[in-house]
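This report refers to the structure that appears directly beneath it.
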Amino acid sequence: MRIGIDARVMTLSASGIGRYSIEMIKAISKLNQTKNHQFILFSSRKSDKLNLPENWSYFEGLITDRALLRSLNYSNLTKKLNLDRFYTMDYIGPIISFDSNCKIITTIHDLIPIIYPNLTSFKHRLIGKYILPLSINNASTIISISHSTKNDIIKHLNVDPKKIKVIHSGVSDIFFENKLKASEEIINNFTLDSQYILFFGTLEPKKNIYYLIDAYSKISNSLKRKYKLVLCGKIDINNSKFTRFILKRNLKDRIIFTEFVSDEKLKFLIQNARVFCFPSLYEGFGLPIIESMACGCPVIASNVSSIPEITGDAAILVDPRNVEELVTALNKILTDDKLRKDLSKKSYLNSSKYRWQNSASKVFQTILS
């Protein structure tokens, strides 16, 4: 069988979907049952190159970033390359099927452009309104990364539930490994003079980082002196609005920024954090939560969308629009050692359910069916 895979966002710099693409492709390539099939990856200039088996290859042409042109081009490529299956992990698949023999499988991570249009860009709102529905309609099977996202797809796009298969995301093996012995480079880069609360993600509105900073400013002064707030990821510290928000709360010396870091460095930060805090307004899965749990780090997260489904009883959940709830949760986790230890154990046990090999096996069986 000839299987085409959209690998355009297969890069860690593309955040959650980029991580999903890399880990899913690596995990599928390791499955024994894939050896008798041919795989063709459609990449862009930004895509990371992976070391894959001989039956995997990259399409020689680069795929455009323009969603409409890409979705039309994919339709042509399915026929030109005589594909039996086409799998896309980035919402946008072929919107016109030129070859009815080629089945299209699409992973949907969330419906943010449709449910919360004010939290996304104009471009993504257009994609959500016009291209995504066509892409979903043209798919033979839709893979949803959570039951929450499946319910959103049914509600907002009127899709037959039988067409949707829920397959949770996984967690990279490095986060499950024993406690990391920090290299000299890591120690030099992350010399923290106090314990800390950790957040990693982006400045995009749905991550709700202003809410987190506001809550941190309201915990007791003694706790602020003891625990700094570490913000890790693609966060524009030169954003004037963001800077003013921090200065107004007198937190300039209490917040540490790190840039996007490697998995090794990220694991070091997670393992040494007092708590990981993730007050997102909406998540299709919430991969940073499970990565933190795999490291045994206690988690405070939002009580919305997929997060309660993914965390179970292994996290403290708060209303992401009620600052006082987060203040109370932070004060408690930072002072109650027994609670922290209990959550640490529960976190690790909960995360063990989410492994990429299990997810990849289910996804590949779905592609073949």
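The first residue in the sequence is number 1, and the count goes up from there.
Note on ring orientation: taking the six-membered ring where Trp is involved, the planes of F199 and F278 are parallel (angle under 30°, cut-offs 30° and 60°). Ring geometry for F39 against H37 counts as perpendicular: the plane angle is over 60°, on a 0 to 90° scale with 30° as the lower cut.
Applying the salt bridge (Lys or Arg N to Asp or Glu O under 4.0 Å) definition to pairs two or more places apart or across chains, none involves residues 148-164. Sorted by first then second residue, the salt bridge (Lys or Arg N to Asp or Glu O under 4.0 Å) pairs that include residues 299-322, not counting sequence neighbours, are D313-K346. Screening residues 275-286 for salt bridge (Lys or Arg N to Asp or Glu O under 4.0 Å) gives K206-E283, K207-E283 as the qualifying pairs, with residues at least two apart or on separate chains.
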For this session: Show your working on side-chain contact (heavy atoms from CB on, under 4.5 Å) between I105 and V363 and close with a plain yes or no.
Result: CA-CA 9 Å; I105 301 91; V363 166; over 6 Å; no

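Checked options I255, L198, I197; the residue passing with V230 is L198 (criterion: side-chain contact (heavy atoms from CB on, under 4.5 Å)).
With respect to D253 and R225, no salt bridge is recorded, no charged nitrogen being found less than 4.0 Å from a carboxylate O.
Defined by atom type and a distance below 3.5 Å, a donor-acceptor pair is present between the side-chain atoms of R19 and S172. Side-chain contact, D110 with Y282: no donor N or O sits under 3.5 Å from an acceptor N or O. For the residue pair Y354/S359, the side-chain donor-acceptor check at 3.5 Å is not satisfied.
Distance check: L132 CG to I127 CD1 gives 9.0 Å after rounding to the nearest 0.5 Å. Annotation: the span from I108 atom CD1 to T88 atom OG1 amounts to 8.0 Å, rounded to 0.5 Å. Summarising the geometry, atom CD belonging to E204 is positioned 10.5 Å from atom CG belonging to L281; distances are rounded to the nearest 0.5 Å. Atom CG of residue L83 and atom CE of residue M1 lie 11.0 Å apart, to the nearest 0.5 angstrom. To the nearest 0.5 angstrom, F260 atom CZ is 11.0 Å from K265 atom NZ.
Proximity of a side-chain donor or acceptor of R249 to a complementary backbone N or O of D214 within less than 3.5 Å is not detected. A distance-only check finds no donor-acceptor pair linking the side chain of D263 to the backbone of I174 [under 3.5 Å]. Listed for the S302 side chain is a donor-acceptor partner under 3.5 Å among the backbone atoms of S280.
Applying the side chain to side chain contact (heavy atoms under 4.5 Å, CB included) criterion to S361, with sequence neighbours excluded, gives L31, Q33. Remark: R8 pairs with D65, D90 by the salt bridge (Lys or Arg N to Asp or Glu O under 4.0 Å) rule, at least two apart or across chains. By the salt bridge (Lys or Arg N to Asp or Glu O under 4.0 Å) test, K224 is found to be paired with no residue, residues two or more places apart in sequence or in another chain being considered.
More than 12 heavy atoms of other shown residues, nucleotides or ligands fall within 6.0 angstrom of atom CZ in F257. Residue N51 places its CG atom among 12 or fewer non-hydrogen atoms of other residues, nucleotides or ligands, all under 6.0 Å distant.
I143 has its side chain within reach of Y87: a pair of non-hydrogen atoms, C-beta onward, lies under 4.5 Å apart. Two residues are said to be in side-chain contact when any heavy atoms from C-beta on lie closer than 4.5 Å; I104 and Y74 fail this criterion. For the pair I213/L231, a side-chain contact is recorded, criterion being any heavy-atom separation below 4.5 Å from C-beta on.
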